[in-house]
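Comments concern the structure below.
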Amino acid sequence: MRFSNSFIPTTKEVPNDAVITSHQLMIRAGMVKALGSGIYSVLPFGLKVFQKVMNIIREEMNAIGGQEFYLPGINPVELWQETGRVESFGDIMFHIKNRQLILAPTHEEVITSIAKAHIRSYKELPQIWYQIQSKFRNEPRPKSGVIRSRQFTMKDSYSLDSTSEGLDKSYNLHAEAYKKIYTRSGLKFFIIGASSGAMGGSGSQEFMIESDAGEDSIILCESCDYAANLEIATSNKSKINFGSSKKKEKIFTPNIKTIDQLSNYLKVHVEQCAKSVVYISGKQAYLIMMVGNDQVNESKLKSVIGTEFRPCTDEELVELFSAEAGSIGPVGVSKNIKVIADNRLKDSTNLITGANINDYHLLNVDLLRDCKIDHYSDLRQVEKDEPCKLCNKQLRLTTGIEVGHIFKLGTKYSSALKANFLDENGKENPIIMGSYGIGVERIAACYIEQNHDEFGIIWNKALSPFDFHIIVVNVKLAKVVEVADNLYKSLSEKYSILYDDRSSVSAGVKFKDADLLGIPFQIIVGDRNLENNSVEIKIRRTNERIIVPIDSVLEKIKNIYE
RNA sequence: CGGGAUGUGGCUCAGCCCGGUAGAGCACUCGGUUCGGGACCGAGGGGUCGUGAGUUCAAAUCUCACCAUCCCGACCA
């Protein structure tokens, strides 16, 4: 393609809206153009990259037996009411005003409705169905360019199985396919255990890129392969033990509100103080007990109590406990209040807790003797530098961008929509499903985050919009143009070429644009080397320059490319 | 939704505090000179100063409301 006829609007300066590198470079390289907050037009140069990504995904999905669908982006709202997801998506889902339709944020419902209509027997399973299409989410705060936008391209696939062993197999096929997709795309990625959140289901993993621009907090072990989203991460922080049970006492603790104040005042270790935090879910109050300054991990709490919740207000505290924050505790609370304690507190003795009387605490509380704990669970948020639960080495806390997420859904959607099949015994069962998503634009953006320098993008062969970038340095010299034209023609037979034949800009502009656009190999045709019947090949990533005689240039290029 | 910032030509920004003819660089058009790392000279075109009210003889500038965008937080299949 001749640059002179192309629409590749490169810019020297960055719009002040773009903050992260990939966003800035995508705009400067003329890949995308913002239309509104979280809404982007994809321009030809960018589309070529996205198409490369989509083709890699398509090849790997086909390789595990996936079959591609094209599904509607507008869906009847009734379908989503049946699975309860109109409510669970809430404001994230776009609703069409003049029809009972929504813009699909994902496609479990549509896929399941197709399965319901056509799958009858276990003999028709398993199936892997996928699509690569636009999804719509009314993000409250779009950010970081195409990384979090309101319309984006996602490869979503869905596995349909008749057994849980089958689901495991489909899930693992996807995990392996995803590793190949990211590896082929040139991303440095890792896999973490993740929460399945509102998607439901029994297990899930995320594929992450480490990045300061990331929105997820991740716990990683430096010496083994433990890795988990902070939402579910656990560590080897041990249970507490304060010896055999002593006599409970009530003590005066004036104006003591925090665990740190309490431990200072009483000259005890913070971990001997048990913190009580209260949440409300619907009409139910939950008193959550944690060791010392351990933080409640609300994702874990949500999976324990199973519904949405909110912190208790100060007024409600007084109503429920006759005491204010800082003096709340588990001893003698109403039976209507559920008490859930973190695993570290299991059957602990000699704790210090609030007395449910302002300015008083209790010493030597024995959880077995003095109060009724309804349930113990892992509720604490892991902190950095804690010991790994697998190898006991230090854990690291970092942030990442999610580029893929795989879920074992189970029968949540098939049950809701009655997508059943008959098993070997003629018994009707809901189809066992998995769902597996990859963000197309995110792969491209994350690649740029990981592969750029001060001059621009550095594409690899897999994602580069073109194989070679030919630059003709001086278009006034007929001989130079002739050589470049011939090279363009002969290379075009086998490779995709961006040919910078522009007469309107100086050589310097062409060089800067070439580095910005980041095509891996530049072929520079200028009179300086032509005097020696040579052209120059520049490797974008290493800045290595190779002078090649014209008569061997095709062979040399072939070698360099492979 | 809470906190903060910004809105002036296509882009980056100055001007606003202290009201009085709307500016610079880049980009664009024309002419000329250059021609291997974002060239130079000359001449041009292009702006309802986010929108709407208000104060004032006079508003880009002061006041109020609204809108938009970005950042932090909340949220995030």
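Every chain is numbered from 1 and lettered A, B, ... according to where its sequence line falls, protein lines coming before strand lines. Only this structure's heavy atoms are used, side chains among them; waters, hydrogens and symmetry mates stay out. Everything numeric in this text was worked out from a predicted model, so none of it was measured.
- Using a 4.0 Å heavy-atom cutoff across all strands shown, D91(A) reaches no nucleic acid atom at all.
- Taking atom P in both rU21(B) and rA68(B), one finds a spacing of 33 Å when rounded to whole Å.
- The listed nucleotides are rG25(B), rC35(B), rG38(B); the one nearest the side chain of E13(A) is rG25(B).
- Taking side-chain N and O atoms only, R141(A) has no distance below 4.0 Å to OP1 or OP2 of rC70(B).
- The aromatic rings of W80(A) and F89(A) sit perpendicular to each other, their planes meeting at more than 60°, with 30° as the lower class boundary.
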Checking H23(A) against Y40(A) for the ring pair (Phe, Tyr, Trp, His ring centres under 6.0 Å) test, could you report, in this order, the C-alpha distance in whole Å, the side-chain angles of both residues, the deciding distance, and whether it holds? CA-CA 11 Å; H23(A) 188 197; Y40(A) 288 87; 5.8 Å; yes
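- The residue among F152(A) and A18(A) whose nearest nucleotide of RNA chain B lies closer to the 5′ end is A18(A).
- Computed from coordinates, the M208(A) CE to rC76(B) P distance equals 15 Å when rounded to whole Å.
- Closest to the K538(A) side chain, of the nucleotides rG36(B), rC76(B), rG37(B), is rG37(B).
- Atom CG in L517(A) sits roughly 15 Å away from atom C1' in rG37(B) (whole-Å rounding).
- Per the geometry, NZ belonging to K476(A) stands 9 Å off P belonging to rU33(B), to the nearest Å.
- Of the nucleotides present, rC67(B) is the one that pairs with rG7(B) by Watson-Crick or G-U wobble criteria, both distances under 3.5 Å.
- In this structure a side-chain-to-backbone donor-acceptor pair under 3.5 Å is missing from E231(A) to A194(A).
- Formation of a donor-acceptor pair under 3.5 Å by the Y436(A) side chain with backbone atoms of K155(A) is not found in this model.
- Comparing the same atom, P, in rC30(B) and in rC72(B) gives a spacing of 44 Å after rounding to whole Å.
- Looking at heavy-atom distances under 4.0 Å, V19(A) makes contact with sugar-phosphate atoms alone, never a base.
- Atom C1' of rG47(B) sits at a distance of 15 Å from the matching atom of rA27(B), rounded to the whole Å.
- Residue V14(A) is the one, among V14(A) and E215(A), whose nearest nucleotide of RNA chain B lies closer to the 5' end (criterion: closest heavy atom).
- For the residue pair D161(A) and S170(A), a side-chain donor N or O sits within less than 3.5 Å of a side-chain acceptor on the partner.
- Here, rC40(B) and rU56(B) have their C1' atoms 48 Å apart, quoted to the whole Å.
- Base pairing of rC16(B): no nucleotide in any strand meets the Watson-Crick or G-U wobble criterion (both distances under 3.5 Å).
- Across all strands shown, rA74(B) remains unpaired; no Watson-Crick or G-U wobble contact has both distances below 3.5 Å.
- When the C1' atom is used for both rG46(B) and rG3(B), the distance is 39 Å, rounded to whole Å.
- Of the possible donor and acceptor atoms, one in the side chain of Y182(A) sits under 3.5 Å from a partner among the backbone N and O of V403(A).
- Comparing the P positions of rG32(B) and rG37(B) gives an interatomic distance of 25 Å, to the nearest angstrom.
- Contacts of K143(A) with the nucleic acid, taken as non-hydrogen atoms under 4.0 Å apart, involve only primed sugar atoms and P, OP1 or OP2.
- The CD atom of E402(A) sits 12 Å away from the P atom of rC76(B) (whole-angstrom rounding).
- Ion pairing of E215(A) with R141(A) is absent here, as no side-chain N (NZ or NE/NH1/NH2) approaches a carboxylate O to less than 4.0 Å.
- The side chain of V509(A) approaches rA39(B) more closely than any other nucleotide in the set rG36(B), rA39(B), rC72(B).
- For the OP1/OP2 pair of rG36(B) and a distance below 4.0 Å, the side-chain nitrogens and oxygens of S506(A) include no atom meeting the criterion.
- Rounding to whole angstrom units, CD of residue E139(A) and P of rC71(B) are separated by 13 Å.
- Whole-Å rounding puts the N16(A) CG to rC26(B) C1' distance at 15 Å.
- Contact annotation for R28(A): base contact, defined as any heavy-atom pair under 4.0 Å involving a base atom.
- Comparing rC67(B) with rA59(B), their P atoms sit 26 Å apart, to the nearest whole Å.
- Across all strands shown, rC28(B) pairs with rG44(B); the Watson-Crick or G-U wobble distances both stay below 3.5 Å.
- rU8(B) and rA14(B) have their C1' atoms separated by 10 Å, given to the nearest Å.
- Nucleotide rU56(B) has no partner under the Watson-Crick or G-U criteria, as no pair reaches both atom distances under 3.5 Å.
- Side-chain atoms of D17(A) lie closest to rC70(B) of the nucleotides rC35(B), rC70(B), rC26(B).
- Pairing partner, rU34(B): none, since no Watson-Crick or wobble contact has both distances short of 3.5 Å.
- Within the shown strands, nothing qualifies as a pairing partner of rU21(B) under the Watson-Crick or G-U definition with both distances less than 3.5 Å.
- Here rC11(B) is the nucleotide among rC11(B), rG36(B), rC72(B) with the atom lying nearest to any side-chain atom of P15(A).
- Not one N or O on the side chain of K179(A) forms a donor-acceptor pair closer than 3.5 Å with the backbone of I191(A).
- Rounding to whole angstrom units, CE of residue M93(A) and P of rC76(B) are separated by 15 Å.
- Between the side chain of D515(A) and the base of rG37(B), at least one donor-acceptor pair of N or O atoms lies under 3.5 Å.
- For R545(A) against rG37(B), a side-chain N or O and a base N or O form a donor-acceptor pair under 3.5 Å.
- Remark: C1' of rA74(B) and CZ of F309(A) are 14 Å apart, rounded to the nearest angstrom.
- Side-chain atoms of S37(A) lie closest to rC70(B) of the nucleotides rA39(B), rC70(B), rG36(B).
- Using a 4.0 Å heavy-atom distance criterion, S144(A) is classed as a sugar-phosphate-only contact.
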